[in-house]
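A quick write-up on the structure given underneath.
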Amino acid sequence: QKWINICKAVKQAYAAKQLGYSQSRYTDITVGGRTIKGRTDCSGYVQTCLKFFGVMPEGSNISSANVQNHHEGYRIYSV
């Protein structure tokens with residue numbers, strides 16, 4: 001339930017900004033008083049959710065290219 005609630009809150013925070021899709025734009029997303037800088041694309045949304053959930057370090061980044069072209073040293077996160 002916590003994961004779904006985080007996903008909903010992050011989605012609402014992105015939607016409220018009405019920024020649209022961009023792989024090169026970042027925006028501050030605030031949920032529960034905590035702010036994380038997230039990209040305004042699909043993998044940016046997933047990464048922001050994972051960071052709020054606490055399973056991805058704030059200094060880490062993922063992109064669809066990372067996931068498709070898995071390389072040594074890249075960590076796959078599971079919930």
Side-chain angles (χ1 to χ4, degrees):
Q1 186 68 15
K2 180 182 176 187
W3 170 248
I4 296 300
N5 290 337
I6 288 170
C7 292
K8 286 179 184 178
V10 170
K11 188 267 183 199
Q12 289 171 343
Y14 271 108
K17 295 192 170 221
Q18 299 182 341
L19 295 173
Y21 182 94
S22 174
Q23 293 179 329
S24 59
R25 180 178 39 233
Y26 287 80
T27 189
D28 287 339
I29 299 297
T30 303
V31 172
R34 183 173 165 211
T35 301
I36 292 175
K37 189 170 292 295
R39 250 184 358 268
T40 58
D41 64 357
C42 299
S43 57
Y45 165 74
V46 171
Q47 146 182 305
T48 304
C49 291
L50 290 169
K51 289 178 180 182
F52 275 112
F53 193 64
V55 296
M56 183 175 185
E58 289 198 35
S60 296
N61 289 299
I62 60 171
S63 71
S64 55
N66 295 107
V67 175
Q68 291 171 359
N69 302 312
H70 177 75
H71 57 84
E72 192 170 331
Y74 180 78
R75 180 173 177 186
I76 302 282
Y77 292 93
S78 61
V79 179

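No hydrogens, no waters, no symmetry mates; every other heavy atom, side chains included, goes into these values.
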*Passes side chain to side chain contact (heavy atoms under 4.5 Å, CB included), Val31 versus Ile6? Steps please.*
CA-CA 8 Å; Val31 172; Ile6 288 170; 5.8 Å; no

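- No side-chain donor-acceptor contact under 3.5 Å links Ser22 to the backbone of Thr40.
- In plain terms, the two heavy atoms of Thr48 and Tyr14 that are nearest each other are OG1-OH, 3.0 Å.
- Partners of Gln12 according to the side chain to side chain contact (heavy atoms under 4.5 Å, CB included) rule, which considers only residues two or more places apart in sequence or in another chain, do not exist here.
- Sorted by first then second residue, the salt bridge (charged side-chain N to carboxylate O under 4.0 Å, His left out) pairs that include residues 44-57, not counting sequence neighbours, number zero.
- Cation-pi geometry between Lys11 and Tyr45 is not satisfied (NZ or CZ under 6.0 Å from the ring centre, within 45° of the ring normal).
- If you chain together hydrophobic residues whose side chains sit under 4.5 Å apart, Ile4 and Val55 fall into the same group.
- Atom NZ of Lys8 has 12 or fewer neighbouring heavy atoms from other residues, nucleotides or ligands inside a 6.0 Å radius.
- Linking ILVMFWY side-chain heavy atoms closer than 4.5 Å, directly or via other members, places Ile36 and Leu19 in two distinct hydrophobic clusters.
- Under the salt bridge (charged side-chain N to carboxylate O under 4.0 Å, His left out) criterion, the residue pairs touching residues 26-35 are Asp28-Lys37, Arg34-Glu58, with sequence neighbours excluded.
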_Chi angles and distances behind the side chain to side chain contact (heavy atoms under 4.5 Å, CB included) call for Leu50, Trp3_ = CA-CA 9 Å; Leu50 290 169; Trp3 170 248; 3.8 Å; yes

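- Listed here is the closest heavy atom pair of Cys7 and Cys49: CA-SG, 3.8 Å.
- Summarising the geometry of Tyr26 relative to Arg39, their closest heavy-atom pair is CZ-CG, 3.4 Å, with the distance given to 0.1 Å.
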